[in-house]
Amino acid sequence: MVVDEKQLEQLGAFEISQKMLALAQKNEKSNVFLNAGRGNPNWINTLARLAFARLMQFGIQESRRTINNGAMAGYVETNGIRERLEAFLDPENNREDQFLEDVLTYVKDELKLDQDAVVAEITNGIVGNNYPVPSRVLKNSEVILNEYLQSTLYGKTKLAKHTELFPTEGGTAAIVYAFHSLAENHLLKPGDKIAINTPIFTPYLQIPELNDYELVEVDLRSREKDNWEIKPSEIEKLSDPSIKALFVVNPTNPTSKAFNHKALLAIEHAVKQNPELMIITDDVYGTFVSDFKTIYSVAPHNTMLVYSFSKLYGATGWRLGLIALNKDNVFDKKISELGSKNKAELHERYEHVVIDPDKMKFIDRMVADSRSVGLYHTSGLSTPQQMMEVLFALTHLVYANGSTDAYIDKSRALVGERYEKLHKSMGAKEDESRTSAKYYSLIDIYRIAERKYGKAFREYLENNFEQVDFLLKLAKKNGVVLMDGVGFGSKPGELRVSEANLPTDDYALIGKQVLELLREYHHDFESQNK
Ligand SMILES: *Cc1c(COP(=O)(O)O)cnc(C)c1O
């Protein structure tokens with residue numbers, strides 16, 4: 001296959017990676033095909049899934065109490081449902097049943113929730129026999145999910161009781177809904193300045209709505225020479241009130257670095273100077289950093305938080321994400337301060353679905369907008385999906401001891417081990433700072449080239465090849481697929497390796513193949529310079 005490298009560079013990083021797959025599968029060296037391009041984890045959480053299955057069985061048994069006619073059963077009667085669940089569970093023989101018993105104790109003792117109401121909500125939710133009511137999020141589920149975010153992301157700032165949630169079809173839908181409602185509600189207007197931290201998850205750079213805004217790479221750019229740490233001096237630029245919004249991925253994708261303490265202080269300071277700043281923080285990788293603290297905890301009134309269960313619990317197929325927003329937030333404040341023309345237009349937009357549209361909160365507008373307003377009454381994430389989120393959250397809440405959760409520790413250890421194997425095999429420096437999530441690595445081919453073979457060779461690589469050449473040859477010759485960092489707004493020569501999706505031992509092989517290919521380039525370089 002002849003590949004036009006120039007044309008290839010027009011595509012996004014995910015699309016380039018897709019093209020590489022075919023080449024790598026029939027690579028010239030007949031190596032094992034290694035795809036470290038995607039961020040999809042190759043592990044899953046079993047406990048929450050098994051508990052889900054048990055509750056489905058219980059839910060069916062419950063439904064048969066009201067109608068029992070072959071494949072047809074009835075509705076779930078909530079009276080006495082908790083006692084019947086306790087009788088159903090067999091904790092001696094089923095680990096997941098023990099977990100569900102522990103859940104019952106936890107929701108009563110720690111969250112002070114009504115056990116019967118929780119069991120009814122979860123059972124009905126899993127059977128999926130009713131529209132999500134309330135449509136934004138089920139009642140007890142919101143409390144449990146908030147407690148989860150408190151424990152994993154909010155740090156010591158107590159925010160659970162002040163936060164409202166909107167579970168969505170993955171972090172992906174959360175992002176789509178947020179951008180859409182910001183535009184519909186005139187919170188972002190064409191030409192507005194928006195800051196982003198680059199390198200960043202490519203889809204953020206490709207949302208067409210973003211073309212309407214002036215993307216100031218206010219350049220919260222982190223650099224490899226700073227260990228990808230974002231400098232407080234970069235964040236200070238946000239103090240400029242002409243900057244309307246900041247979109248961040250924290251810890252970032254692709255560099256896997258979290259904002260450190262100083263960077264968080266700088267955000268807090270910038271928001272004081274620019275109090276109308278709207279921040280959207282995508283904290284999908286938060287749990288991969290120990291003692292993680294979200295931007296939402298230092299700027300709670302300015303920040304919308306996006307979370308996803310996809311990565312930690314290996315649940316990308318389930319589509320489980322959520323949006324968190326403080327009850328007191330700048331998005332609502334800005335809506336209340338819109339001009340009369342915009343207000344009248346929005347009044348008309350929402351008046352058919354709520355009684356007092358002017359007072360409708362931004363988070364509820366996102367729910368309505370997600371179903372084109374008109375279908376607001378059938379909006380909301382499916383109840384089985386909400387319950388899967390709740391069960392994942394509960395595996396953490398019930399068994400975490402302070403900040404240690406054995407499952408989360410295992411997920412960190414797994415990506416950490418892969419990260420180490422990759423770096424050791426290339427003789428590359430490892431980032432041992434606490435802010436490193438190690439879910440991805442951005443490796444700089446030019447730097448490795450210079451370190452191994454000197455500056456002249458580096459310049460030869462930089463000046464004589466298209467930026468995707470190395471990536472392409474790595475696939476075609478060696479069978480290794482990585483992702484091009486340039487698509488993420490990173491420098492040429494930087495390639496993203498995902499530590500999520502291959503068996504651990506393969507990471508040493510990837511390093512070996514990278515070095516082998518560099519050796520071949522170097523061989524050509526030498527023969528040309530004879
Ligand atoms: C994987 C990823 C997502 C997507 O999450 P889903 O819940 O699977 O939709 C969102 N943001 C970032 C930064 C990601 O890496």
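Indexing begins at 1, ligand by ligand and atom by atom, following the structure's order.
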Review point. Which atoms of ligand 1 have any heavy atom of Val249 under 4.0 Å away?
Key: 13 (C)
Practice item. Flag this pair as yes if the NZ/CZ of Arg496 is under 6.0 angstrom from the six-membered ring centre of Tyr440 and inside a 45 degree cone about the axis; otherwise no. Key: yes
Practice item. Please indicate whether any nitrogen or oxygen in Glu169 is less than 3.5 Å from any nitrogen or oxygen in ligand 1. Key: no
Review point. Is there any N or O on Gly171 that sits under 3.5 Å from an N or O of ligand 1?
Key: yes
Exercise for review: Check the pair Lys473, Glu466 against salt bridge (Lys or Arg N to Asp or Glu O under 4.0 Å), reporting the backbone distance first and the verdict last.
Suggested key: CA-CA 11 Å; Lys473 290 215 174 82; Glu466 291 300 330; over 6 Å; no
Revision key, fill the gap. Going by the 4.0 angstrom heavy-atom rule, the piece of Val284 near ligand 1 is side chain
Practice item. Give a yes-or-no answer on whether the side chains of Thr252 and Lys257 include a donor-acceptor pair shorter than 3.5 Å. Key: no
Point to revise | Region of Phe309 engaging ligand 1 - heavy atom pairs below 4.0 Å | key: neither
Exercise for review: Flag the pair Arg447 and Glu494 as a salt bridge only when some basic side-chain nitrogen lies within less than 4.0 angstrom of an acidic carboxylate oxygen.
Suggested key: no
**Study point:** Min heavy-atom dist Arg319 to ligand 1 below 4.0 Å
**Key:** yes
Practice item. List every atom of ligand 1 that sits less than 4.0 Å from any heavy atom of Asn253, numbering the atoms from 1 in the order shown and giving each element. Key: 15 (O)
Check your understanding: With atoms numbered from 1 as shown, which atoms in ligand 1 lie under 4.0 angstrom from a non-hydrogen atom of Thr172?
Key -> 4 (C), 6 (P), 9 (O)
Study note, to complete from the structure: So the atoms of ligand 1 within less than 4.0 Å of a heavy atom of Tyr285 turn out to be 1 (C), 13 (C), 14 (C), 15 (O)
Review point. Would you find a donor on one side and an acceptor on the other, under 3.5 Å apart, between the side chain of Glu164 and the backbone of Lys327?
Key: no
Check your understanding: Hey, is CZ on Arg38 packed in by over 12 heavy atoms from elsewhere, all under 6.0 Å?
Key -> no
Practice item. Using a cut-off of 6.0 Å, state whether more than 12 heavy atoms not belonging to Lys139 lie near its atom NZ. Key: no
Point to revise | Nearest neighbour of atom 8 (O) of ligand 1 from the list Gly170, Ser310, Gly321, Ala315, on a heavy-atom basis | key: Ser310
